[in-house]
A.B. asks: 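Mind having a look at this structure? Questions to follow.
FYI, side chains are in, hydrogens and waters are out, and symmetry mates aren't considered; it's all heavy atoms of this structure.
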Amino acid sequence: VQLQASGGGLVQAGDSLSLSCAVFGRTFRAFVVGWFRQAPGSEREFVAAVSGNAGRTYYARSVKDRFAISRDDGRNTVYLQLNSLKPEDTAVYYCGAGGLGITVSQRALQSPRSYDRWGQGTLVTVSS
């Protein structure tokens with residue numbers, strides 16, 4: 001299984017951006033696909049996730065009202081819509097794939113260690 005993230009760029013505060021995570025090699029219905037981000041000097045933090053089978057979505061509190069995760073079954077792709085962007089959203093955004101079992105707990109779902117496949121990351125820079 002391979003993941004490929006794309007869609008990052010330089011935007012101004014208040015703008016929107018759409019990130020894509022294409023999954024290759026196996027249908028993402030067999031996984032949880034999550035988005036994480038990592039700012040310089042910081043740990044990788046959970047942003048959002050979607051379960052491949054039930055399509056249930058999960059969000060970090062800090063982005064719940066601004067970001068939206070969705071999926072396109074036909075394209076085997078997961079999207080992350082970023083709205084009302086703030087300078088503190090600046091980070092490299094990564095998508096990862098983990099087993100469906102990680103949804104049993106919030107801690108497992110939000111831990112990067114639960115995801116064993118990662119895309120290469122895409123940089124989002126938000127200027128003030």
Side-chain angles (χ1 to χ4, degrees):
V1 175
Q2 293 184 328
L3 294 86
Q4 183 173 353
S6 62
L10 172 62
V11 297
Q12 294 185 333
D15 285 352
S16 298
L17 206 58
S18 181
L19 306 183
S20 300
C21 177
V23 180
F24 302 97
R26 192 175 178 186
T27 175
F28 64 63
R29 287 183 174 275
F31 304 103
V32 171
V33 176
W35 283 98
F36 287 73
R37 65 186 181 186
Q38 189 166 16
S42 299
E43 295 184 351
R44 191 169 296 192
E45 67 169 351
F46 173 78
V47 176
V50 60
S51 63
N53 54 350
R56 186 173 177 180
T57 57
Y58 308 83
Y59 295 95
R61 291 182 183 177
S62 61
V63 305
K64 187 174 183 179
D65 296 329
R66 299 185 296 121
F67 294 2
I69 190 169
S70 62
R71 70 186 202 188
D72 184 330
D73 291 10
R75 295 179 183 269
N76 223 36
T77 298
V78 174
Y79 302 96
L80 184 67
Q81 178 68 32
L82 316 177
N83 299 317
S84 302
L85 282 162
K86 305 175 181 180
E88 51 263 43
D89 294 318
T90 295
V92 177
Y93 284 70
Y94 297 90
C95 60
L100 293 173
I102 68 175
T103 60
V104 297
S105 78
Q106 195 82 339
R107 177 176 292 182
L109 182 72
Q110 297 188 5
S111 171
R113 296 179 182 179
S114 299
Y115 297 77
D116 51 14
R117 294 287 189 271
W118 292 94
Q120 80 284 10
T122 184
L123 176 62
V124 173
T125 304
V126 185
S127 63
S128 58

A.B. asks: Treat each ILVMFWY residue as a node, draw an edge where side-chain heavy atoms are under 4.5 Å apart, and state whether Val124 and Val33 are in one component.
C.D. replies: yes
A.B. asks: In terms of hydrophobic clustering (I, L, V, M, F, W, Y; side-chain heavy atoms under 4.5 Å; direct or indirect links), are Leu19 and Val32 co-clustered?
C.D. replies: no
A.B. asks: Just checking Tyr115 against Phe36, ring centres under 6.0 Å apart?
C.D. replies: yes
A.B. asks: So, does Thr57 use its side chain to make a donor-acceptor pair with the main chain of Val50 at under 3.5 Å?
C.D. replies: no
A.B. asks: Would you check if the side chain of Asn76 reaches a backbone N or O of Ala22 as a donor-acceptor pair within less than 3.5 Å?
C.D. replies: no
A.B. asks: Can you hop from Leu3 to Leu100 via hydrophobic side chains spaced under 4.5 Å?
C.D. replies: no
A.B. asks: Under 6.0 Å from the CD atom of Gln12, do we count more than 12 heavy atoms belonging to anything else shown?
C.D. replies: no
A.B. asks: Under 6.0 Å from the six-membered ring centre of Tyr94 and within 45° of its axis: does the NZ or CZ of Arg44 meet both?
C.D. replies: yes
A.B. asks: Same cluster or not: Tyr58 versus Trp118, using hydrophobic residues (I, L, V, M, F, W, Y) connected whenever any side-chain heavy atoms lie under 4.5 Å apart?
C.D. replies: yes
A.B. asks: Would you say that Arg37 contacts Asp89 through its side chain, given a criterion of any heavy-atom pair below 4.5 Å between the two side chains?
C.D. replies: yes
A.B. asks: Would the distance check show the side chain of Gln4 and the main-chain N or O of Gly119 forming a donor-acceptor pair, the cut-off being under 3.5 Å?
C.D. replies: no
A.B. asks: If I compare all heavy atoms of Ser84 with all of Ser16, which pair ends up nearest, and what's the gap?
C.D. replies: N-OG, 4.2 Å
A.B. asks: Out of Leu85, Leu17, Asn83, which residue meets the side chain to side chain contact (heavy atoms under 4.5 Å, CB included) rule with Phe67?
C.D. replies: Leu85
A.B. asks: To the nearest 0.5 angstrom, please state how far the CD atom of Gln106 sits from the OG atom of Ser111.
C.D. replies: 12.0 Å
A.B. asks: Is Leu80 close to Val78 at the side-chain level, that is, under 4.5 Å between some pair of heavy atoms?
C.D. replies: no
A.B. asks: Which heavy atom in Arg29 sits nearest to a heavy atom in Arg71, and how many Å separate them?
C.D. replies: NH1-NH2, 3.5 Å
A.B. asks: What are the two closest heavy atoms between Gln81 and Ser18, and how far apart are they?
C.D. replies: OE1-CB, 3.4 Å
A.B. asks: Looking only at heavy atoms, which two atoms of Pro87 and Ala13 are closest? And how far apart?
C.D. replies: CD-CB, 4.1 Å
A.B. asks: One pair to check against side-chain contact (heavy atoms from CB on, under 4.5 Å): Ile69 and Tyr59. What are the steps and the verdict?
C.D. replies: CA-CA 8 Å; Ile69 190 169; Tyr59 295 95; 3.4 Å; yes
A.B. asks: Determine the minimum heavy-atom distance between Leu123 and Val92, stating which atoms define it.
C.D. replies: CD1-CG2, 3.9 Å
A.B. asks: Please confirm whether the backbone N or O of Ser6 pairs with a side-chain atom of Ser20, one donor and one acceptor, at under 3.5 Å?
C.D. replies: no
A.B. asks: Can you tell me if CD on Gln2 sees more than 12 non-hydrogen neighbours from other groups inside 6.0 Å?
C.D. replies: no
A.B. asks: Count I, L, V, M, F, W, Y as connected when their side-chain heavy atoms are under 4.5 Å apart, and connections chain through other members. Are Leu109 and Val63 then in the same cluster?
C.D. replies: no
A.B. asks: Using every non-hydrogen atom in the two residues, find where Ser114 and Ile102 come nearest and quote the distance to one decimal.
C.D. replies: CB-CG2, 3.8 Å
A.B. asks: Using modelled atom types only, decide if a donor and an acceptor are shared between the side chain of Asp72 and the backbone of Thr77 within a distance under 3.5 Å.
C.D. replies: no
